[in-house]
Amino acid sequence: MPDLSAYTGVLGNRLAAHLLRRTTFGPTKAQILDYATKTPADALALLLAFNPISNLPIDPLTNATWVNSIPIPPSPPASDDVELRGYAIAWMLDNFRADNTLRSKMILFLHQNWMVDDESWNSHDMYDYLKRLESYSLGSYKTLAKKMCRDNRMLVYLNGYQNTGDNENYAREFLELFTIGKGPQIGPGDYTNYTEDDIKEAAKLLSGYQYDLNNTNIDPEINVRRCSVNFWRHSSVNKTFSYAFQNTVIVGTNTEVGILNELEQFVNLVFNQLETAKNICRKLYRYFVYRDISAAVETDIITPLAINLQANNYNLSVALNQLLQSNHFYDLDDANALDNKVGAMVKSPLDLVMNTVRFFGISPHTFPGNTPLTIWDNFYRNGLREGILRNADMFLFSTTTVAGFPAYYLAPKYDKYWFDTSSITQRYYLGRCLLENKRWPYAGYASIGVQINIVTWVRDNITPPNNSTNGSVIVDELINYLLPEIPVAARRTYYLNQTLLGTLSLINWNNEWNNYLSNGNTSVVKPRLELLFKAILFSQEYQLQ
């Protein structure tokens, strides 16, 4: 039976790694060992500690910030604004790489659930959108919902700035995708949780907002820009909602204060419905736990989680703390602790890259010869986003539909959409890129600007460094910490004998390793370690988390 009660034991390596892979963009060995000594409650106290991002994006051509200024047309030698949008996104990806808390995974979760693209106007509103997500990544989803109604980028993306009462784009997505969800259709224009008439009424209520980046309309709570309110563009009629919202009437107004009060009432109306909380909890479940929600999971996990979320003003940290401490999350609520949950979800392309980069301590900032331009342009913008993510069907902040990435919402495959014929090539190119400092496919002619020296990494990170079982130790360390489950004996034998050793014996390997340690000769150990590295990264197990 699905069990939402808290697991109170010490995590150990396996469950610590499971928790960290699902909640961060990948743990190091040291982090796994650290969290292995903690209980889930202790671990979540660290993971849910909100540390705001303190740095700002930079223009790599000038090494200067720009998002904290009033938007003006850029002039040489500054980058043009198309490039600056990319650098704002690169800045966020760099923060993902460095973050050891739940914040970054939740920013991606919120992006998926409040989707915009990077083609909607300028880099300043791209930054404001990202900061808005970050500010509420571990806070109130309900408060974020109200804030997003005044987000400049969202206003442009879904034509809200054109709405004088009859443009239904944003109102429709607010109900269908961002908050309560449709529910089963039970009649013409009736989706259980709302009706087509509710969309029309919401469209009237959400009219009168105007794109504004002049730095005079600042949200004082999070210090980012927001759209302005124009009462002459607002539909001031009364808004009468259906039975799905208890036939509530929100009285129309024609003042700025009144319009904002209408928005407050509308957000409260939507979030007072328990189905809104359930819809958010289902999304959290599929994002962090598993793709399938059985009737038992709906009853024993989703419903009580939703009740708690709603009772706590939709504070995401409360729901995450409950869900990620549960016996259910660790697959400890049935007789078989190995049947699902751990290692049961396909990594997103971003998880795949970041897991590898973080585990092996690869940083574009410390790679010899890198400049701000090569960090932001070669690695993050052209390399990671335009190269591998775009071609692996995860073009961050520029999806083809407002629904976002199918892996996060589309039944029945969900996360399995990440691994198909259109994306597999990109996933398997990763090892070669990182070993050889090659460019990502379709990412121009520059190298990616980072590289792993696998020999040096093994020397510095795997112990004991030179005993007679060194080959076995290397294989065990890598597969035990990189793969979600310890593989069966036959797989371990493959990694050791066919991949690392080849025609060598363990004694031969030890001699060659000692030869490298004494005189730096890598002619034998380097190609063998590179084969092992690529074999693990190419393995089906490494595609999972």
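If you're wondering where the values come from, they're calculated on a predicted model, not measured in any experiment. Just so you know, these numbers use all the heavy atoms, side chains as well, and skip hydrogens, waters and symmetry mates.
- When each of Leu44, Asn308, Leu102 is tested with Asn321 by the rule side-chain contact (heavy atoms from CB on, under 4.5 Å), just one qualifies, namely Leu44.
- Counted by atom type alone, Arg97 and Tyr380 present one or more donor-acceptor pairs between their side chains at under 3.5 Å.
- Judged by the 6.0 Å and 45° rule, Arg381 forms a cation-pi pair with Tyr87.
- The closest donor-acceptor contact from the side chain of Thr179 to the backbone of Thr276 lies at 3.5 Å or more, if one exists at all.
- A donor and an acceptor atom, one from each side chain of Ser140 and Asn315, are nowhere located under 3.5 Å apart.
- With no hydrogens or angles considered, no side-chain donor-acceptor pair links Asn217 and Ser228 at under 3.5 Å.
- For the residue pair Trp418 and Asp393, the shortest heavy atom distance occurs at CZ3-O, 3.5 Å.
- Looking at heavy atoms from C-beta onward, Ser69 lies in side-chain contact with His124 at the 4.5 angstrom threshold.
- The shortest side-chain heavy-atom distance between Tyr209 and Leu263 falls under the 4.5 Å cut-off.
- In the model, Asn100 has a side-chain atom that pairs as donor or acceptor with a side-chain atom of Gln31 under 3.5 Å.
- Enclosure of atom NZ in Lys416 is not indicated, since only 12 or fewer non-hydrogen atoms of other residues, nucleotides or ligands lie within 6.0 angstrom.
- Between Lys147 and Asp219 there is a salt bridge, with a side-chain nitrogen of the basic residue lying less than 4.0 Å from a carboxylate oxygen of the acidic one.
- Around CG of Asn223, the count of heavy atoms belonging to other residues, nucleotides or ligands within 6.0 Å does not exceed 12.
- Listed for the Asn238 side chain is no donor-acceptor partner under 3.5 Å among the backbone atoms of Val251.
- Using a 4.5 Å cut-off on side-chain heavy atoms (C-beta onward), Leu11 and Tyr330 make contact.
- Annotation: cation-pi geometry satisfied between Lys105 and Phe25 (NZ/CZ under 6.0 angstrom from ring centroid, within 45° of ring axis).
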Under the ring pair (Phe, Tyr, Trp, His ring centres under 6.0 Å) criterion, do Tyr408 and His111 qualify, and how do the steps go?
CA-CA 11 Å; Tyr408 291 132; His111 167 54; 9.4 Å; no
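- A donor and an acceptor atom, one from each side chain of Ser398 and Asp117, are nowhere located under 3.5 Å apart.
- Listed by chain and residue number, Glu264 satisfy the side chain to side chain donor-acceptor pair (under 3.5 Å) test with Lys146 (two or more places apart in sequence, or in another chain).
- Listed by first then second residue, pairs satisfying salt bridge (charged side-chain N to carboxylate O under 4.0 Å, His left out) with a partner in residues 157-170 read Glu168-Arg172, not counting sequence neighbours.
- Listed by first and then second residue, the salt bridge (charged side-chain N to carboxylate O under 4.0 Å, His left out) pairs involving residues 297-306 are Arg282-Glu298 (not counting sequence neighbours).
- With contacts defined as side-chain heavy-atom distances shorter than 4.5 Å, the pair Asp125/Pro71 does not qualify.
- Contact of the Ile388 side chain with the Arg427 side chain is not registered, since no non-hydrogen atoms from C-beta on lie closer than 4.5 Å.
- Using modelled atom types, one finds a donor on one side chain and an acceptor on the other under 3.5 Å when comparing Asp99 with Thr101.
- Here the options are Tyr314, Phe266, Phe174, the test is ring-ring contact (aromatic ring centres under 6.0 Å, His included), and the partner is Phe271; only Tyr314 passes.
- At least one donor-acceptor pair closer than 3.5 Å links the side chain of Asp81 to the backbone N or O of Ser123.
- No side-chain donor-acceptor contact under 3.5 Å links Arg225 and Asn152.
- Sequence neighbours left out, the pairs with a member in residues 232-243 that pass salt bridge (charged side-chain N to carboxylate O under 4.0 Å, His left out) are Lys239-Glu262.
- Counting heavy atoms from C-beta on, the side chains of Val318 and Leu309 never come closer than 4.5 Å.
- In this structure, Glu134 CD and Asn95 CG are separated by 8.0 Å, a value rounded to the nearest 0.5 Å.
- The two residues Asn159 and Asn169 have their closest heavy-atom pair at OD1-ND2, 2.6 Å.
- Looking only at side-chain heavy atoms (C-beta outward), Met126 and Ile89 come within less than 4.5 Å of each other.
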Please lay out, stage by stage, how Leu46 and Lys38 fare under the test side chain to side chain contact (heavy atoms under 4.5 Å, CB included).
CA-CA 10 Å; Leu46 295 174; Lys38 304 180 187 304; 3.6 Å; yes
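- Checking each of Tyr136, Tyr141, Tyr129 against Trp114 for a side chain to side chain donor-acceptor pair (under 3.5 Å) leaves exactly one that passes, namely Tyr141.
- In this structure, Ser326 contributes its side chain and Leu323 its backbone to a donor-acceptor pair below 3.5 Å.
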For residues 47-58, which side-chain donor-acceptor pairs fall under 3.5 Å, sequence neighbours excluded?
residue	atom	partner	partner atom	Å
Asn55	OD1	Trp91	NE1	3.4

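- Minimum interatomic distance between Ala344 and Asp415 (heavy atoms only, all atoms of both residues): O-OD2, 4.2 Å.
- Checked by atom type and distance alone, the side chain of Asn327 pairs as donor or acceptor with a backbone atom of Ser5 at under 3.5 Å.
- Using a 4.5 Å cut-off on side-chain heavy atoms (C-beta onward), Leu155 and Tyr170 make no contact.
- Here salt bridge (charged side-chain N to carboxylate O under 4.0 Å, His left out) pairs that include residues 176-191, with residues two or more places apart or in two chains, number zero.
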